[in-house]
Amino acid sequence: MNRRLLRTRLALSLAVTLAGCTGTPFALPNRDAPAPMSFTWKIEPAFATTLQNAPPGTTTTYKRPDGMNLTLTLGASYTSARAQTCRVGRDDEHQMAYGFCLASTGWYGIAPVALTGS
C-alpha cells in the first residue's frame, strides 16, 4: 500500500473514531439507528447513487452542504466497526478526506479530515 493511501486511511480512521462511528466489541449499536453524533449530513440521492455504484478510483464532483463544489476521488467501500458500509472521498486540491457511511435511511457524510504531510 503506498504511503499516500495509508496516510489517507489513517486520517479517516481517526475521523471516524472521533465522530463516533466505531463501537466497542461488547456493545455495538443497532445498524439502523446510528448514534446522533455519528453522521453530520444526509447525502443527496444523485451522489448517493455514485457512492453506491462507482468503482474505486472514480473521480466525481460533490457539492458540500455549504455549496462548495469539490472533486473527489473515491476509495473502495469498506465495513466500519459498526458493520456499516462506508467510503472515503479524497479531495487533493484542498487536502481533505471526506467519509461517507450507509445507514438504513441512506448515505451520510461525516466530518472531513485535513490531510497533512507529503
Side-chain angles (χ1 to χ4, degrees):
M1 184 179 303
N2 70 40
R3 291 180 68 210
R4 186 177 183 183
L5 180 59
L6 180 60
R7 192 174 61 247
T8 300
R9 286 189 177 185
L10 289 172
L12 189 60
S13 294
L14 176 62
V16 169
T17 300
L18 294 175
C21 286
T22 61
T24 66
F26 306 105
L28 292 177
N30 182 336
R31 176 187 171 116
D32 295 334
M37 292 183 65
S38 295
F39 302 117
T40 307
W41 64 89
K42 186 157 174 59
I43 301 302
E44 296 296 324
F47 190 66
T49 299
T50 300
L51 289 171
Q52 188 70 36
N53 300 318
T58 296
T59 300
T60 186
T61 301
Y62 170 64
K63 188 173 189 171
R64 289 189 338 191
D66 65 4
M68 183 176 183
N69 287 315
L70 304 173
T71 299
L72 299 178
T73 302
L74 298 176
S77 296
Y78 64 93
T79 302
S80 74
R82 288 188 171 180
Q84 293 170 301
T85 299
C86 297
R87 287 191 91 164
V88 175
R90 184 182 174 102
D91 173 14
D92 288 324
E93 179 183 354
H94 300 101
Q95 291 296 295
M96 300 292 285
Y98 290 81
F100 305 96
C101 292
L102 181 61
S104 63
T105 55
W107 283 89
Y108 289 83
I110 61 172
V113 175
L115 303 174
T116 59
S118 59

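Each residue takes its place number in the sequence, starting with 1.
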Could you pull out all donor-acceptor pairs under 3.5 Å where a side-chain atom in residues 52-61 meets a protein atom, sequence neighbours excluded?
from: Q52; atom 1: OE1; to: W107; atom 2: NE1; distance (Å): 3.1
from: N53; atom 1: ND2; to: T49; atom 2: O; distance (Å): 3.3
from: T58; atom 1: OG1; to: P55; atom 2: O; distance (Å): 2.7

Heavy-atom side-chain contact between Q84 and L102 under 4.5 Å: no

L51 versus R87, closest heavy-atom pair with distance: O-NH1, 2.8 Å

K42, NZ: over 12 other non-hydrogen atoms inside 6.0 angstrom: yes

Interatomic distance, T40 atom OG1 to R64 atom CZ [nearest 0.5 angstrom]: 11.5 Å

Any L72 side-chain heavy atom under 4.5 Å of F100 side chain: yes

Sequence-distant partners of E44, side chain to side chain contact (heavy atoms under 4.5 Å, CB included), two or more places apart: none

Nearest heavy atoms of V88 and A97, plus distance in Å: CG1-CB, 4.2 Å

Disulfide bond (SG atoms under 2.5 Å apart) contacts touching residues 60-97 (sequence neighbours left out): C86-C101

Working for side chain to side chain contact (heavy atoms under 4.5 Å, CB included), residues I43 and Y62: CA-CA 10 Å; I43 301 302; Y62 170 64; 3.6 Å; yes

Rounded distance (nearest 0.5 Å) linking atom CG of D92 with atom CG of L115: 8.0 Å

Separation between OH of Y98 and CD1 of I110, rounded to the nearest 0.5 Å: 12.0 Å

